[in-house]
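Please read the structure below before turning to the comments.
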Protein chains: 2
Amino acid sequence: MTNNAGLDLTFAACAHPIRRGIIERLGVGEMTVGEATAGSGVSKPSISKHLRVLEEAGAIVRVIDGRTHRIRLSEHALDDAQGWISDQHALWERKLDVIEGYLAEQRARRARDDLPTEEGPV
Amino acid sequence: MTNNAGLDLTFAACAHPIRRGIIERLGVGEMTVGEATAGSGVSKPSISKHLRVLEEAGAIVRVIDGRTHRIRLSEHALDDAQGWISDQHALWERKLDVIEGYLAEQRARRARDDLPTEEGPV
DNA sequence: CGCATTGTTAGTCATTTGGCTAACAATACC
DNA sequence: GGTATTGTTAGCCAAATGACTAACAATGCG
């Protein structure tokens, strides 16, 4: 579907380098808010907002553990975004197949009509 | 890489339902700006802006044909976005494999240490 | 208890986004 | 040449984004 608010959130979450950096780092393992802030170059409140964006997009999960928050990747993080892109690519594939079939037919027709001395298409 | 301006543009381009709608429609075949405007619910200048966003993200290509602009999908539209997500998933897979291996070893150890009378794991 | 640590909330600010209308540019058609 | 069609540009506006500092809440520790 085109009007999918979840996709809006997921793609928007991926559209910022700091948030992509967080996702990449979380691939290695979970971390705290302070650790996410460490090499980021921005303030802790700023990271807090980015984490909220990622959380609302369903990309990460937060486990509050005393006064620290352990951030980890959501189980199906980015699945909807990847699914949508894959769907598009699948459609394009199919379209290209149709075009390719059409072109092949054109080649065959040309071979038959323009060069009748040759016995058939390659 | 985390600081990739191209990815910023591609993900941002996908983060709006009207732009995703355009991409989906272009999967069927090329169209003009007017056709893109038709069922969109917004004005033509607005669509013009969305098309510019898609163009700068490398998602679409514009062929100016007299006074009409023929819009079609770029050959490698969204490839960078799909690539980045796929890379992440690949890393997560690997991480899950490591965890799974660890858990399997734990199960084996427990089976050996805690239940020595049972002859082996299920 | 008193204080340090961890993270969020509140408030401010500049920039970007996304929409509109009106005006313009360029091509097509009579 | 005059007019219609196609699309962009300019200018406006409201809302969202992304950053900061300062203040707050909650937990941990001496």
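Convention: sequence-line order gives letters A, B, ...; per-chain numbering from 1.
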Item to check | d(CG, B:D65; C1', C:dA28) in whole Å | outcome: 12 Å
Next on the checklist: For the backbone of B:V42 and the side chain of B:S46, can you confirm whether one donor and one acceptor N or O come within less than 3.5 Å of each other?
Outcome noted: no
Next on the checklist: Expressed as a whole number of angstroms, how long is the span from A:E55:CD to C:dT8:P?
Outcome noted: 9 Å
Item to check | Whole angstrom value for the distance that separates C1' of D:dT6 from CE of B:M31 | outcome: 15 Å
Checklist entry - Is the side chain of A:R25 donor-acceptor paired with the backbone N or O of A:M31 at a distance under 3.5 Å, no angle test? => result no
Next on the checklist: Any side-chain N or O of A:R52 below 4.0 angstrom from OP1/OP2 of C:dG7?
Outcome noted: no
Next on the checklist: With a 4.0 Å cutoff (strictly under), does any side-chain N or O of A:H16 reach OP1 or OP2 of D:dA16?
Outcome noted: no
Checklist entry - Is any side-chain N or O of B:S48 closer than 4.0 Å to OP1 or OP2 of D:dT8? => result yes
Checklist entry - Rounded to whole angstrom units, what separation is found between the CG atom of A:L51 and the P atom of C:dT6? => result 16 Å
Checklist entry - Which nucleotide in the list D:dA19, D:dT8, C:dT8 gets nearest to the side chain of B:V33? => result D:dT8
Checklist entry - What is the distance from CD1 of A:I64 to C1' of D:dA26, rounded to the nearest Å? => result 10 Å
Item to check | Under 3.5 Å donor-acceptor pair, B:R67 side-chain atoms to D:dT6 base atoms | outcome: no
Checklist entry - A:A15 or A:G66: which one's nearest nucleotide on DNA chain D is closer to the 5' end? => result A:A15
Next on the checklist: Please report the distance, rounded to the nearest Å, between NZ in B:K49 and P in D:dG7.
Outcome noted: 18 Å
Item to check | B:S43 vs C:dC20: side-chain N/O to OP1/OP2 distance below 4.0 Å | outcome: yes
Item to check | Shortest non-hydrogen separation from A:Q82 to B:S86 and the atoms involved | outcome: NE2-OG, 3.2 Å
Checklist entry - Within less than 4.0 Å of OP1 or OP2 of C:dT17, is there a side-chain N or O belonging to B:H50? => result no
Checklist entry - How long is the span from the CG atom in A:D87 to the CG atom in A:D80, to the nearest 0.5 Å? => result 11.0 Å
Checklist entry - Nearest-Å distance, NZ (B:K44) to C1' (C:dG19)? => result 16 Å
Checklist entry - Would you say a side-chain N or O of B:R62 is under 4.0 Å from OP1 or OP2 of D:dT6? => result no
Checklist entry - Side-chain donor-acceptor pair under 3.5 Å between A:E75 and B:W92, yes or no? => result no
Checklist entry - What nucleic acid atoms does B:R70 come within less than 4.0 Å of, heavy atoms only: base, sugar-phosphate, or nothing? => result nothing
Next on the checklist: I need the NE2-C1' distance between B:H69 and D:dT5, as an integer number of Å.
Outcome noted: 12 Å
